[in-house]
Structures are given as C-alpha cells and as structure tokens.
Amino acid sequence: MNATAAAMIRPRAGEMLPDLGIGACPISPVVDIVFSRWTTPILWQLEAHGRQRFNDLRDLVDGITAKVLTQRLRQLERDGLVSRTTYAEIPPRVEYEITELGRSLAPVFSALVNWSGDHLARVASARHDYDASDRPRP
C-alpha cells in the first residue's frame with residue numbers, strides 16, 4: 001500500500017478506529033457491509049426512488065426473494081444505512097429509506113459506475129484473450 005492510501009485509512013490524531021475485524025486489509029469490512037450480494041441493489045434503488053414499502057422495493061430489486069430482502073434490510077438497518085418506519089395503521093404500513101450514512105456511499109457508487117464505463121470493455125477483452133489461450137480456466 002502506498003503512503004497516500006495508508007494515510008487515508010489511519011485515524012486522525014486522538015481518534016480510534018472501531019474494531020470491525022479490519023486485520024490486514026482495511027477495505028474488507030467495507031466490502032462485507034456494502035457489497036454483499038443484495039446490499040448494493042437495495043441501496044441503489046432506495047437512493048434512486050426514495051422511501052419505499054417492502055413490496056415496492058422487492059419489485060424494484062430484480063430477482064430478490066422476500067426472505068432475502070427481509071434479511072438484507074434488517075442488516076442494513078443494523079448497520080445504519082437504512083431506516084425503517086412503521087405506521088400504526090390497520091393494516092400496518094412499513095417503509096424503508098436510505099439514511100444519510102447510506103447516502104454517503106454515493107461517491108463510492110459513482111466512482112464504480114465511472115470505472116465500469118471506462119474499463120469493463122477491457123475486462124471483457126482480457127477474459128476473451130485468456131479464454132482463447134491454452135491457460136487453465138479459473
């Protein structure tokens with residue numbers, strides 16, 4: 001890791017980083033929190049469409065099951081990235097919304113969108129070249 005990258009992850013003077021199991025790679029806990037299988041599409045849709053009811057959010061996140069959506073929303077709420085509001089109505093109404101902490105990931109997602117636009121064609125080309133060679137498949 002270069003000095004600039006190391007400086008970015010060091011706490012400020014007098015500040016302690018929480019023990020999130022950082023270990024040798026300080027990015028690992030962030031990847032675990034933000035980039036697990038369904039987290040990114042859920043956050044993306046909540047940012048794009050605003051507050052959503054459960055079934056509406058499930059319809060927006062293509063391919064997710066109700067069980068998995070429930071699990072991911074609970075974890076996102078626990079991590080502070082999504083808030084859940086329950087309205088005392090008959091039948092009860094529950095809505096989910098991205099929090100300010102969740103919105104703070106927007107630059108990360110934007111950087112990834114830009115990277116994919118700039119580099120995914122090269123990745124596809126590299127895969128094609130690799131697959132066409134006599135090297136063992138991954």
Quick one: pull up [atom1] in [X] and [atom2] in [Y] and give me the separation to the nearest 0.5 Å.
X: L101; Y: L81; atom1: CG; atom2: CG; value: 5.0 Å
X: R51; Y: H49; atom1: CZ; atom2: NE2; value: 15.5 Å
X: R93; Y: T86; atom1: CZ; atom2: OG1; value: 10.0 Å
X: I42; Y: Q52; atom1: CD1; atom2: CD; value: 12.0 Å
X: Q75; Y: D32; atom1: CD; atom2: CG; value: 10.0 Å
X: I64; Y: R37; atom1: CD1; atom2: CZ; value: 8.0 Å

Identify the two heavy atoms, one from [X] and one from [Y], that lie closest to each other, and give their separation to 0.1 Å.
X: R53; Y: P92; answer: NH2-O, 4.3 Å
X: I33; Y: R72; answer: O-NH2, 4.4 Å
X: R103; Y: I98; answer: NH1-O, 3.4 Å
X: Q45; Y: L60; answer: NE2-O, 3.6 Å
X: L46; Y: Y96; answer: CD2-O, 3.6 Å

Count the heavy atoms of every other residue, nucleotide or ligand shown that sit under 6.0 Å from [atom1] of [X], and state whether that count exceeds 12.
X: D129; atom1: CG; value: yes
X: R127; atom1: CZ; value: no
X: W38; atom1: CH2; value: yes

Please report the C-alpha distance between L73 and L57 in whole Å, then the side-chain angles of each, then the deciding distance to 0.1 Å, and finally whether the side-chain contact (heavy atoms from CB on, under 4.5 Å) criterion is met. CA-CA 10 Å; L73 285 169; L57 184 56; 3.9 Å; yes
Carefully, step by step, assess F54 and L69 under the rule side-chain contact (heavy atoms from CB on, under 4.5 Å). CA-CA 8 Å; F54 182 88; L69 180 57; 3.6 Å; yes
No-hydrogen, no-angle side-chain donor-acceptor test under 3.5 Å, E95 and Y87: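 On atom types as modelled, these side chains qualify, holding a pair under 3.5 Å.
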Would you tell me whether T65 and R58 have side-chain atoms, one donor and one acceptor, within less than 3.5 Å of each other?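 Not at all, the side chains of T65 and R58 share no donor-acceptor pair under 3.5 Å.
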[X] (side chain) donor-acceptor with [Y] (main chain) under 3.5 angstrom:
X: T99; Y: G80; answer: yes
X: S125; Y: R122; answer: no
X: T39; Y: F35; answer: no

Would V34 and F109 count as a side-chain contact (heavy atoms from CB on, under 4.5 Å) here? Give the steps. CA-CA 10 Å; V34 179; F109 292 155; 3.8 Å; yes
Please lay out, stage by stage, how V82 and L43 fare under the test side-chain contact (heavy atoms from CB on, under 4.5 Å). CA-CA 8 Å; V82 168; L43 292 174; 3.9 Å; yes
Could you identify which residues cluster with V123, counting Ile, Leu, Val, Met, Phe, Trp and Tyr as linked when any side-chain heavy atoms lie under 4.5 Å apart, either directly or through a chain of such contacts?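 Members besides V123, by chain and number: W115, L120.
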